[in-house]
S.K.: 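The structure's right below; bear with me while I get my questions together.
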Amino acid sequence: MRGVAVIGVGVTKFGKHERTCAELFAEAAADAIQDAGVSPRAIQAIYYGNVVGGEGEHQLHMGPQAASVLGLPTIPTTRFETACATSHAAFRHAVMEVAAGVSDVLLVGGAERVLNLPTDAATEYFTYASDATFEQPAGMTFPGVFALIARAHMAKYGTTEEQMAHVAVKNHRHGALNPKAQFQKEITLEQVMKSAKIADPLKLYDCCPFTDGAAAVVVVSEEVARKSRKPVWVRASAAASDSMFLHDKKDLSRVLATERAAQAAYRQAGCGPEDVDVVELHDCFTIAEIVATEGLGFFEPGTGGIAAEKGWTSLGGKLPVNPSGGLKAKGHPIGATGAAQIAEIVTQLRREAGPRQVDGAKVGLVHTLGGNTATVLVSLLASE
Amino acid sequence: MNKVVTLKAFFEEARAGRLTAIRCGRCGELAIPPKEFCPACQERAWDPVPLDGHGTIASFTVIRVPPRGHAEEAPYAVAVVRLDEGVSLLGRILDIPLDALKVGMPVRFRPLIRDEQTVIAFGPA
Ligand SMILES: [Zn+2]
């Protein structure tokens, strides 16, 4: 298999936008192509991620629409959807296509727009990514899914609501350093603890926001990468799944798909969790970050809450997690999230992250979780 | 012989107050239908097994921000219940005060019937 690299990234400001998904994607994609220093005509295919555009914009067949707005209507496109892991899944397929020698230059990314919708409608559309036969009729929501995980983790390990709150405080502190973040404001532990209950034990500040935004990256072969400014190498890109039904999960305190995807990624890259310098992981809810830091092998099962409390995952700590602010503060435009996480790690490994730069970062891990924990993608990127 | 339990059949039984699981004819794995292959051993030889509906709460939450269509019901509790036979089932909690809920609390299945729809639910044991 050939070497594969990312040579260009583009991310819109995250927050509320008065533009369609296709317009948002086109901005991020044009930025990524210009950052890569390749001609727009060099792009051989576009892998586009979006989740609720069908419901929110009444738009299907959205790949060609996005390419048309980008001004590259003749490039083949495919739309990906794996809930919140959408554009990371698109990235993995692009990596495989380039590694296999089928293509040399691909554009991958995604967009989402939901802040123009009523909150109950957005909540409902997101819920479509959980099981429609048992769970939606019971009135389940995404905060509800992670609340079940939180309660199980608390019961098994003694994880506390304060420890979860530390994740929110830390990610807001990081987000304050990111000019693209939806929230660039620090918050206190007390604010988190006193925020409104959403799905007990999760409170408002345990939850990521609804977000509009887009992100894109340019994925190329080693030969193309060697001629570029600062290539970042893809050492692994792995996917794993678990049952779509919460009732099939034997231990709600773990996310097995994270553990399996991480093992596969470490095996592909020939390294382990001890080799990772910086992490962007899927903190859709504070408990999700705690469980992910355990599942990715950084901390023993049950100790992710302690790691958050002790500041080990802060910028300046032993393993900085979510220097971008994470989904919590940077925002979570679900179809764009995976590509935005990859863009952040590329920026970190190029040493271009400014005040949120992780010193000496050479190896970065990206973890993206889809929906009710049924889909997980893990990629490992390296500066050399 | 493989006896498929469809979702329609599962929920028609549930509406009448009866829960049905399926047991693998090869490895004995107990599962909630519908499934074709056994996730544990990949055999395709299920037999329907009645469940008695008793179990304990494995985890629960109180939904305070509901999706569209559930607004009048909120706040309401949803739990994953570990049934005595070993499988779990997610459902609504009925007739138990929200602040009394605890992991490990015994509960018992009962259907929540809303017009044509049948929702899995659990009440006091
Ligand atoms: Zn079996």
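Lettering of chains follows the sequences in order, A, B, ..., and the numbering in each one begins at 1.
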S.K.: Run the numbers on A:Asp200 and B:Arg64 for side-chain contact (heavy atoms from CB on, under 4.5 Å), then give the verdict.
M.R.: CA-CA 8 Å; A:Asp200 311 15; B:Arg64 296 179 191 274; 2.7 Å; yes
S.K.: Of all the heavy-atom pairs spanning B:Ser59 and A:Ala152, show the shortest one and how long it is.
M.R.: OG-N, 3.5 Å
S.K.: Measure the spacing between CG of A:Leu148 and CD1 of B:Ile57 and express it to the nearest 0.5 Å.
M.R.: 10.5 Å
S.K.: Measure the OG-NZ distance between B:Ser88 and A:Lys250 for me, rounded to the nearest 0.5 Å.
M.R.: 8.5 Å
S.K.: Side chain from CB out, backbone as N, CA, C, O: work out which of these in A:Asp248 comes under 4.5 Å of a heavy atom of chain B, or both, or neither.
M.R.: side chain
S.K.: Identify the heavy atoms of A:Met140 and B:Ile63 that sit nearest to each other, and give their distance.
M.R.: SD-CD1, 4.4 Å
S.K.: If we define contacts as heavy-atom pairs under 4.5 Å, which of A:Gly144, A:Pro137, A:Ala199 has the most with chain B?
M.R.: A:Pro137
S.K.: Write out, in numerical order, the residues from residues 107-124 of chain B with a heavy atom short of 4.5 Å from a heavy atom in chain A.
M.R.: B:Arg114, B:Gln117, B:Val119, B:Ile120
S.K.: Could you state the interatomic distance from CZ (B:Arg82) to CG (A:Leu252), rounded to the nearest 0.5 Å?
M.R.: 10.0 Å
S.K.: Checking A:Thr127 against chain B: side chain, backbone, both or neither under 4.5 Å from a heavy atom?
M.R.: side chain
S.K.: Measure distances from B:Val78 to the heavy atoms of chain A and classify the residue's part below 4.5 Å as side chain, backbone, both or neither.
M.R.: both
S.K.: Which heavy atom of A:Ala147 sits nearest a heavy atom of B:Thr61, and at what distance?
M.R.: CB-OG1, 3.2 Å
S.K.: Chain A heavy atoms under 4.5 Å from B:Phe60: which part of the residue, side chain, backbone, both or neither?
M.R.: both
S.K.: Is the side chain of B:Arg68 donor-acceptor paired with the backbone N or O of A:Asp120 at a distance under 3.5 Å, no angle test?
M.R.: no
S.K.: Answer with side chain, backbone, both or neither: which region of B:Leu89 has an atom nearer than 4.5 Å to a non-hydrogen atom of chain A?
M.R.: both
S.K.: For A:Phe126, which atoms come within 4.5 Å of any heavy atom of chain B: side chain, backbone, both, or neither?
M.R.: neither
S.K.: Examine whether an atom of B:Lys35 lies under 4.5 Å from a heavy atom of chain A, and if so say whether it belongs to the side chain, the backbone or both; otherwise answer neither.
M.R.: side chain
S.K.: Look at atom CD of A:Glu300 and say whether more than 12 heavy atoms of other residues, nucleotides or ligands are closer to it than 6.0 Å.
M.R.: no
S.K.: At a 4.5 Å cut-off on heavy atoms, which part of A:Ala155 comes close to chain B: side chain, backbone, both, or neither?
M.R.: side chain
S.K.: For the residue pair A:His247 and B:Leu90, what are the closest heavy atoms and their distance?
M.R.: CB-N, 4.0 Å
S.K.: Out of A:Gln136, A:Glu124, A:Met154, A:Arg151, return the one with the most heavy atom pairs under 4.5 angstrom to chain B.
M.R.: A:Arg151
S.K.: Under 4.0 Å between a Lys/Arg side-chain N and an Asp/Glu carboxylate O for B:Arg92 and A:Glu135?
M.R.: no
S.K.: If you tally heavy-atom pairs under 4.5 Å against chain B, which of A:Thr133, A:Ile198, A:Thr123, A:Thr141 wins?
M.R.: A:Ile198
